[in-house]
Amino acid sequence: MKLPNPKQIPEFFRHINDYTYRFNPKTGNFRYREFRGLKDDVYNFYMWLKVWKDMALLVAKGPLNIVKALFRYQWFATYLSYPAFVDRATLGMRGNQLRMARLQYDRIVKKATQFLYDSFSADLNFHPGSKKAKKIVLFDELIPCEIMAGFPNLIGIPAQTMPIFLTSILDQNIVPPYLDAAENFGIPADVCPLPSAETGCALRDDYPKIGCCIISCNMPCDGSVMTSAFQERYFKLPSHPYGVPIRYTEEEVQPYAIEEMKELIKFIEDVSGETFNWDTFLSAMEVYNQETRYELAKWEVNRTPYPQMTGETFWIYRMFFYHLSGGMDKNFLKTDKKVNEIMMRGYQAKAPCIKEMRHRCVEWSCPANFYPDFSIWAQECWGIYVVAAMETLISDVIIDTSSHENALRDLALTYQRCTMRKHTKGGYRNVLNELWTVCEQYNCDFVLMYDQISCKGMDGLRGLFDEQANERNIRLLWVAQDLLDPRTISKREMRQQVNMYMTTVMGEEPVRPDLVDFDDSKSW
Amino acid sequence: MKDLKHLYTFEQLLESANNPLVREAVDAGQLALGYTCYHMPEVLLNLPGCFSVRLRAPLTGSMDIAGYYMANFICDYAKSLLERGIEGGYNFLSAIMGTETCSEMNRTLEHFEIMKLVPNEKFFVSFLDMPFKVTENTVRHYVEQLKVKVLNPLHEVYGVDVSEDAMREAVELHNEVCRLITEIGQYRKEENPRITGYEFHILNLVSYTCPKALILPMLRETAEELKTRKPDAKKNWRVKIAVVGSEIDDPGFTKLVEDTGALIVVDRFCFGSKPGREVIDLPEDMPVLEAIARHYLNTSQCPRYMSKEKVHERHQTVYDLVKEYHAQGVLYEQLKFCEFWGYERALGSYVITHDYGIPSVAIDRQNATGANGQLRTRVQAFIESLEIKQIQAEKGAR
């Protein structure tokens with residue numbers, strides 16, 4: 001689409017934020033930024049500059065590391081697209097919603113750059129014999145890092161988050177080479193792409209070489225269990241498989257869970273020579289509890305007729321503080337406090353959070369990493385407003401810090417309710433019955449059901465989801481996607497599934513016709 | 001070779017889950033307990049008054065209904081069980097003893113509970129929480145799970161005797177079956193084995209799917225018969241191979257592979273005998289349940305075990321079996337859409353070839369193998385490559 005000629009300028013200003021004007025499908029980029037009004041634009045631009053400032057700081061702290069990393073790791077350059085990702089993920093946002101999202105994304109970039117700095121400054125590929133590398137405990141990314149609060153002299157780094165998980169959210173085209181590497185090795189194409197890409201990253205020798213040990217884990221599901229053998233073979237570090245009970249709602253499994261946690265602590269102590277520090281641990285858990293309370297407040301507000309939280313930042317930020325901050329980074333608490341103030345202000349003023357809310361919706365199953373702003377699109381295009389997402393509704397356990405035993409018990413409970421694991425394992429009630437409970441709690445009439453085609457845990461209940469949704473008169477729309485691989489089902493094809501359903505089944509007109517169809521196969 | 005006397009009967013028994021021996025036992029008032037996974041100790045389902053049936057869905061055709069409930073990316077084994085369950089093919093069961101080991105099987109068995117597929121008021125489905133490694137903590141956990149999920153419900157719902165004596169009795173029966181199958185399996189080590197992989201697969205399958213007490217006489221007779229059985233003077237196979245991988249309950253697969261000229265001498269797959277038919281030892285100073293739990297944890301070769309030792313043990317076990325049974329190569333197979341074996345097949349075949357120097361081929365396959373031309377071609381190509389290696393080795397030796 002070309003820009004209108006000067007004679008059509010008035011027409012252009014009438015449609016200044018139309019996607020068809022702003023977006024260039026040939027390059028995959030926006031021609032110009034979204035206009036949100038003077039006040040919001042100034043704020044948005046200020047926050048945009050802050051993102052670049054944080055990224056520039058990362059370079060300034062170790063320019064040589066960054067240059068080396070750019071040439072050594074294929075995934076690393078993707079982080080340059082973070083500002084563009086935030087722009088996509090805040091599509092149509094104004095006022096409070098823009099501010100809350102921006103604050104949370106700002107915290108995420110700060111934490112991510114810290115991980116990148118720690119990784120590269122200790123990387124044995126760049127610094128042979130690095131002492132810092134020995135201070136790092138590598139975790140499987142699904143293990144929340146709260147336990148590391150007891151080891152203040154060590155650094156816990158989720159091995160796969162920076163190379164695979166976060167990059168896959170930023171750039172749809174970054175993961176396929178890793179998937180291809182795994183498939184070339186012989187791993188079937190029908191397995192879940194996340195562990196497959198993690199395996200591919202190991203096969204392509206694309207992880208930073210860091211760590212005194214690696215903790216693998218059986219969470220969340222079968223594929224993640226299996227990728228651990230590849231990772232351990234790659235890292236060649238002392239390893240410990242940390243087991244988390246699957247039938248986590250059953251009381252009998254708890255002694256096993258607590259003992260596993262104790263064994264995990266002992267392993268880290270033995271390998272690192274450090275002693276678990278209960279004071280720093282309990283103090284961090286207090287912070288974590290406060291963060292969780294702020295999270296629960298978001299849930300509460302979104303259950304009311306005046307919800308305030310919108311977009312992917314809701315679950316992405318949740319994952320970050322739950323998995324990566326773990327109460328150790330108190331800056332998250334500052335962000336939570338600010339977000340909470342804005343949210344409560346909006347709620348008390350009964351301020352609408354989006355332009356037109358036609359359906360209150362639950363987003364269920366795993367969203368596509370390569371299209372994290374999908375629900376923002378659904379909201380803007382069709383008025384399908386996501387009030388709750390499965391990935392957000394993970395552990396709500398408040399950790400009792402009154403004694404060591406209680407704290408460990410509650411931390412074990414928390415770990416059992418981690419991302420994806422809480423719902424996809426432990427029996428159908430956790431995902432099937434839970435969906436209807438959430439629909440009721442959040443007063444939803446619509447379910448955006450991700451058909452992550454290689455997720456066997458969700459696929460296995462497909463028919464029952466349909467039947468039970470019909471019984472409850474809830475609109476349940478399956479959106480097929482392949483998690484990390486846009487070649488199987490593209491972003492455009494995901495949107496087409498919604499478009500067809502909304503026009504044919506629901507008989508509705510789009511809120512924003514300019515968003516109905518466009519080709520973004522070349523975008524990040 | 002002369003046909004085994006009971007082979008035809010065994011083949012007939014495998015044509016239905018609810019076969020004549022199962023019906024005979026149920027008519028006699030025994031409880032039929034269905035299960036699918038090695039992690040559910042078969043021996044505990046053979047307590048006095050009960051018998052185990054490892055679930056199969058032979059001769060499955062269309063899976064349209066299961067496809068509706070479970071989508072198309074679920075393995076055929078899981079879907080075929082659901083299809084057969086919806087058709088009423090497992091109405092003879094008193095309970096299903098499940099394990100949340102793989103997601104797909106777990107979801108299949110959950111349908112039996114949600115949709116109340118078995119019209120029996122007392123029918124229940126139980127799910128074990130299985131650990132992913134073998135430590136003292138996981139042994140304790142497994143023992144606790146076996147009490148809570150297997151013994152307690154059987155006792156409370158059906159009044160089954162779950163005492164130590166009853167368990168010992170079950171172990172004795174189980175061990176007799178294992179001894180017979182192991183004895184028969186020893187013939188596979190012979191230079192020119194007197195039993196084919198297909199025949200052995202059939203014998204082993206009936207031992208999993210029929211009431212032990214009723215199948216034992218025929219197994220005993222077969223073992224006796226084999227003592228004097230003479231193999232054909234001229235070998236009717238080209239190479240010997242080990243088959244390693246996921247669930248194979250279809251003897252048609254073994255037949256297809258052997259028809260191409262590869263004699264299967266090692267069955268290291270689910271529904272196979274390695275593991276599955278090892279005698280359970282009961283040390284005097286250990287509670288019976290704990291001894292059973294340790295046996296299953298230690299012998300399991302399931303890829304879901306994550307610890308380095310178990311991963312290494314899996315590959316070493318395959319290598320040891322290859323040497324012990326004089327196999328020339330390994331066929332790694334994976335039931336399509338099996339997440340665990342998808343990874344293990346790739347890694348295992350790489351390790352066994354590159355680290356251990358044993359030729360291997362990795363294939364994925366459908367559950368029902370009838371007329372599978374592609375599979376036949378892959379196996380034929382593998383056989384030829386093994387033969388070429390053999391010729392080259394002989395030339396090199398000269």
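Throughout, protein chains are lettered first and strands after them, A, B, ... in sequence-line order, and every chain is numbered starting at 1.
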Pro131(B) side chain reached by Tyr256(A) side chain, heavy atoms, under 4.5 Å | yes
CD1 of Ile114(B) to CG of Asn433(A): how many Å apart, nearest 0.5 Å?
-> 7.5 Å
Leu464(A) to Tyr69(B) - nearest heavy-atom pair and separation = N-CD2, 4.0 Å
When every non-hydrogen atom of Cys192(A) is compared with those of Glu339(B), the smallest separation belongs to N-OE2, 2.9 Å
What part of Thr101(B) gets closer than 4.5 Å to chain A, counting heavy atoms only: side chain, backbone, both or neither?
-> backbone
Pick one of side chain, backbone, both or neither for Arg304(B), based on which atoms fall under 4.5 Å of a heavy atom in chain A.
-> both
Kindly say whether Ser196(A) contributes a backbone atom to a donor-acceptor pair with the side chain of Tyr343(B) at under 3.5 angstrom?
-> yes
Of the backbone (N, CA, C, O) and the side chain (C-beta and beyond), which part of Cys455(A) lies under 4.5 Å from a heavy atom of chain B, both, or neither?
-> neither
Measure distances from Glu250(A) to the heavy atoms of chain B and classify the residue's part below 4.5 Å as side chain, backbone, both or neither.
-> side chain
Checking heavy atoms, do the side chain of Glu144(B), its backbone, both or neither come under 4.5 Å from chain A?
-> side chain
Compare all side-chain heavy atoms of His111(B) with those of Leu461(A) and state whether any distance is below 4.5 angstrom.
-> yes
Out of curiosity, Arg233(A) CZ to His312(B) NE2, how far, rounded to the nearest 0.5 Å?
-> 11.0 Å
Counting only heavy atoms closer than 4.5 Å, note whether Lys310(B) contacts chain A via side chain, backbone, both or neither.
-> neither
Roughly how far, to the nearest 0.5 Å, is the CD atom of Gln254(A) from the NE2 atom of His141(B)?
-> 10.0 Å
What heavy-atom pair brings Lys133(B) and Pro241(A) nearest, and what distance separates the two atoms?
-> NZ-O, 2.5 Å
Just by modelled atom types, is the Glu232(A) backbone N or O under 3.5 Å from a matching donor or acceptor in the Lys308(B) side chain?
-> no
Could you tell me which of Val311(B), Val148(B), Asn72(B) has the largest number of non-hydrogen atom pairs under 4.5 Å with chain A?
-> Val148(B)
Would you mind telling me which of Ala362(B), Ser349(B), Ser307(B), Ala71(B) has the largest number of heavy-atom pairs within less than 4.5 Å of chain A?
-> Ala71(B)
Chain A heavy atoms under 4.5 Å from Lys336(B): which part of the residue, side chain, backbone, both or neither?
-> side chain
Does atom CZ of Phe276(A) have more than 12 heavy-atom neighbours from other groups under 6.0 Å away?
-> yes
Which atom of Pro245(A) lies closest to which atom of Asp129(B), heavy atoms considered = C-OD2, 3.4 Å
Separation of Asp222(A) CG from Cys102(B) SG (nearest 0.5 Å) = 6.0 Å
So, do Phe73(B) and Asp451(A) sit near enough that their side-chain heavy atoms are less than 4.5 Å apart?
-> no
Ser228(A), part contacting chain B, at a heavy-atom distance under 4.5 Å = side chain
For residues Arg107(B) and Asp459(A), determine if any side-chain heavy atom of one lies less than 4.5 Å from a side-chain heavy atom of the other.
-> no
side-chain hydrogen bond (donor to acceptor under 3.5 Å, both in side chains) assessment of Glu113(B) paired with Tyr428(A) = CA-CA 10 Å; Glu113(B) 181 178 306; Tyr428(A) 64 90; 2.9 Å; yes
For Gly427(A) against Glu110(B), the heavy-atom pair lying closest together = CA-OE2, 3.0 Å
Hey, could you give me the CE/NE2 distance between Met306(B) and His240(A), rounded to the nearest 0.5 Å?
-> 9.5 Å
Where is the tightest heavy-atom contact between Phe185(A) and Ala346(B), given as atom of each residue plus distance?
-> CE2-O, 3.7 Å
Quick one: what part of Glu344(B) sits under 4.5 Å from any heavy atom of chain A, side chain, backbone, both or neither?
-> both
Quick one: does Glu259(A)'s side chain get under 4.5 Å of Thr135(B)'s, heavy atoms only?
-> no
Could you tell me the separation between the CD1 atom of Ile246(A) and the OG atom of Ser103(B), rounded to the nearest 0.5 Å?
-> 8.0 Å
Tell me, side chain or backbone of Asp364(B) under 4.5 Å from chain A's heavy atoms, or both, or neither?
-> neither
Considering only heavy atoms from C-beta outward, does the side chain of Lys425(A) approach that of Glu100(B) to under 4.5 Å?
-> yes
For His315(B), does the NE2 atom have more than 12 heavy-atom neighbours from other residues, nucleotides or ligands under 6.0 Å away?
-> yes
Options Ala182(A), Ala229(A), Pro195(A), ranked by heavy-atom pairs under 4.5 Å with chain B, top entry = Pro195(A)
